[in-house]
K.L.:
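Have a look at the structure that comes next, please.
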There are 2 protein chains.
Amino acid sequence: MPYRKLTIEDVAHKAGVSRATASRVLNNAPGVSADLRTRVDRVVADLGYRPNAAARALASGRRDALDLVVIACHGDISLFGAQPYYSRVIAGVLSALAGTDTQLRVNVAGADEAAELVDRVAQSVTAGAVLVNVSPALAARFHARCRRVVSLGATAPQVPAVEPENSRAAYEAISLLHRIGRRRIAAIHGPDCNTCAAGRRAGHLEAIRELGLPDIAVDGGFRREGGYAAATRLLAEHPDLDGIFAACDMMAAGAIQAITDAGRRVPDDIAVVGFDDSAVAACVSPPLTTMRLPVEQMAAAATRALLEGAAAPHWRRFFPVDAVVRSSTGPDAALGLPPARSPHPVAALAGRT
Amino acid sequence: MPYRKLTIEDVAHKAGVSRATASRVLNNAPGVSADLRTRVDRVVADLGYRPNAAARALASGRRDALDLVVIACHGDISLFGAQPYYSRVIAGVLSALAGTDTQLRVNVAGADEAAELVDRVAQSVTAGAVLVNVSPALAARFHARCRRVVSLGATAPQVPAVEPENSRAAYEAISLLHRIGRRRIAAIHGPDCNTCAAGRRAGHLEAIRELGLPDIAVDGGFRREGGYAAATRLLAEHPDLDGIFAACDMMAAGAIQAITDAGRRVPDDIAVVGFDDSAVAACVSPPLTTMRLPVEQMAAAATRALLEGAAAPHWRRFFPVDAVVRSSTGPDAALGLPPARSPHPVAALAGRT
DNA sequence: CATAGTTTGGAGAGCGCTCTCAACGGAACC
DNA sequence: GGTTCCGTTGAGAGCGCTCTCCAAACTATG
């Protein structure tokens, strides 16, 4: 290896200053004359020097990394690959991190390994941790032990959080189905251990109570196959079903497949509303009416709050979830909808670059 | 904060041993009596002590992290959220990292920031770096500067790599379309800066040369909208088109949409073959015949090679890419196919846990 | 010209850990 | 009994950097 390890000492020596001055320049600290500053900067550029992250972290107590902590339901990491949600989270975090010199560390663990994860993150974190799908109890532990933490989605009250209006959105999804004349509406919800799933379930319950609809619901595990199985079962048990609300697009995709396989039509026989507006929503046939979850923006907002140290206990930032009407709810669904309040995720993200 | 920072000194003192002995126990180093070992272990457990990662990295030169380096085409980070490919890579890496105490760091940069990224990774990496979509020149730089590096996909010859048989798979996709009687076959390929796209394009060219087909091809940028636009243009310029090969499923989904919007049918008028077997393949209508790319396994293999230090220069591991025949190529497509050689990604991943 | 105030730069003490090296004690051998 | 040797333990020197002093060099003031 022709590449010799450079230290700040090399830089200081070559620039003819002390280690301390070189350090000041590197950290943009005040108290260095413009002359020396440019001299050191030039040497740094010439040598291609980069400070050692570990040494810097050790000496300063600061950290150049931000943790993303994902608790996988039932320890099932494969959902990470199957659900577009997570890569959207990562894209959002990365967009907020761009140009900050902060690195992203991804931690995925099952609930059983979570305790160890708290220790690990607590020990190392400084920039902070974005918590995804972390239970209230666990989030509280993270909050107590780690310095900075922001949860993506509802969690324990004292833990700062960026929250999508899951409940209201689910309520609106059901209302939408109701508005186009559907009365036998079933919900395919997500796993219990997921707080977002819980919020959507709550909105569903509220809506059916207000609208006087029956409570027909099954768990689809946030997976396509789960959605397929759930819809198959629903169709068998409730032959008169005319609407399905799925708590994520992948389950909705599975449900549409099941409905089609059962020889029924979407939206004519059964209208379907999904949740997330993920990449699959537009791909399925018919294109899926769904609730647009601004995942990228939420993740970016959480990240920024962390970087700026803005996340005090009880800090909250709410994100609207709007309906994106496509064909799976028929031609009349767009009527009487409140206007969308958030820009499209992809467009907004592109706009930032 | 009620939580006091623990050091190895606290552990050593409480266990009545020296710092050195405590360190030996923590690192499973030999030369410690069983008696002391259990005593230290107990204190560690009692105190909930976890070594400081930064200090450990600094002192040992080792790193508890593994880097994932993704070079985004044209610096476009948003593709990260739009393409299921990347989250599958992450899922694969994480599955190989599970239980190793190694953390994953995700670095995404445009080609222009790549130089800086090399410095950064070189300065900090030890467990290694998995390179995704890194050009041969840049990969060679990484390889020269960093200690351990494995590329996901073809790259410079000296750089260790895990390679999907992109070229052969594309060849087979075209053959499949040819076998079911299609003769006016177009390709929607990926961006030039992507080595996988290049491999698939090469296979396409080889196939049409052998089969005596015309070279009809456009770039779809690995995005759904790109696939839609490409297919729309192809349909206009080549009204007699009867087959489309898309270099990724998202583009294939867009193409199917375009074909349908143009009033033509899949597969009757135009058969479509995608690439990746990502989550959308099964969701589109008709379900997409595609080439199954074992992304998770490849990423896991690359990670394991890194962890085990097995990746010598010129090291190569090839992964077969098999056809998954669904409906977008009609009823006869399954005939005459070579048997699949790789397990289904999701099933295989689930099997590991 | 002396004194106090203000920059600017350097010396040096750690940050928490690893790892080499030397010391120690007991077993084995001559 | 003395020597050698091995297994075990501790002392201490860093790893590369930050950051707090403190000294030196200026500038402003009386």
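Each chain gets a letter, A, B and so on, in the order its sequence line appears, and its residues count up from 1. These figures come from a predicted structure and were not determined experimentally. What's counted below: heavy atoms across the whole structure, side chains too, no hydrogens, waters or symmetry copies.
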K.L.:
A:Arg39: what forms a side chain to side chain donor-acceptor pair (under 3.5 Å) with it, not counting sequence neighbours?
P.N.:
none

K.L.:
Return a single string for nucleotides 11-19 of chain C, one symbol per nucleotide in 5' to 3' order, where B is base contact, S is sugar-phosphate-only contact and - is none, cutoff 4.0 angstrom on heavy atoms.
P.N.:
BBBBBBBBB

K.L.:
So how far off straight is the helix from C:dC1-D:dG30 to C:dC30-D:dG1, going by the axes through five pairs at either end, to 10°?
P.N.:
50°

K.L.:
Quick one: which residue pairs count as a side-chain hydrogen bond (donor to acceptor under 3.5 Å, both in side chains) with a foot in residues 28-38 of chain B, not counting sequence neighbours?
P.N.:
none

K.L.:
Which residues pass the side-chain contact (heavy atoms from CB on, under 4.5 Å) test with B:Ala54, sequence neighbours left out?
P.N.:
A:Ala57, A:Leu58, B:Asn52

K.L.:
Just jot down the side chain to side chain donor-acceptor pair (under 3.5 Å) partners of B:Asp46, sequence neighbours excluded, or say none.
P.N.:
none

K.L.:
Could you work out, with side-chain contact (heavy atoms from CB on, under 4.5 Å) as the rule, every residue matching B:Arg316, not counting sequence neighbours?
P.N.:
B:Ala161, B:Glu163, B:Phe318

K.L.:
Please work out which residues in residues 32-44 of chain B have a non-hydrogen atom less than 4.0 Å from an atom of DNA chain D and list them by number.
P.N.:
B:Val32, B:Ser33, B:Leu36

K.L.:
Using the side-chain hydrogen bond (donor to acceptor under 3.5 Å, both in side chains) rule, collect all pairs that involve residues 127-138 of chain A, keeping only residues at least two apart or in two chains.
P.N.:
A:Asn133-A:Asn194

K.L.:
Quick one: list whatever passes side-chain contact (heavy atoms from CB on, under 4.5 Å) with B:Ala139, sequence neighbours left out.
P.N.:
B:Leu131, B:Val134, B:Thr155, B:Val159

K.L.:
Would you please name every residue forming a side-chain contact (heavy atoms from CB on, under 4.5 Å) with B:Pro313, sequence neighbours left out?
P.N.:
B:His143

K.L.:
Could you work out, with side chain to side chain donor-acceptor pair (under 3.5 Å) as the rule, every residue matching A:Thr21, not counting sequence neighbours?
P.N.:
A:Ser18

K.L.:
Going through the checks in order, is the side chain to side chain contact (heavy atoms under 4.5 Å, CB included) test met by B:Val69 and B:Val132?
P.N.:
CA-CA 6 Å; B:Val69 173; B:Val132 177; over 6 Å; no

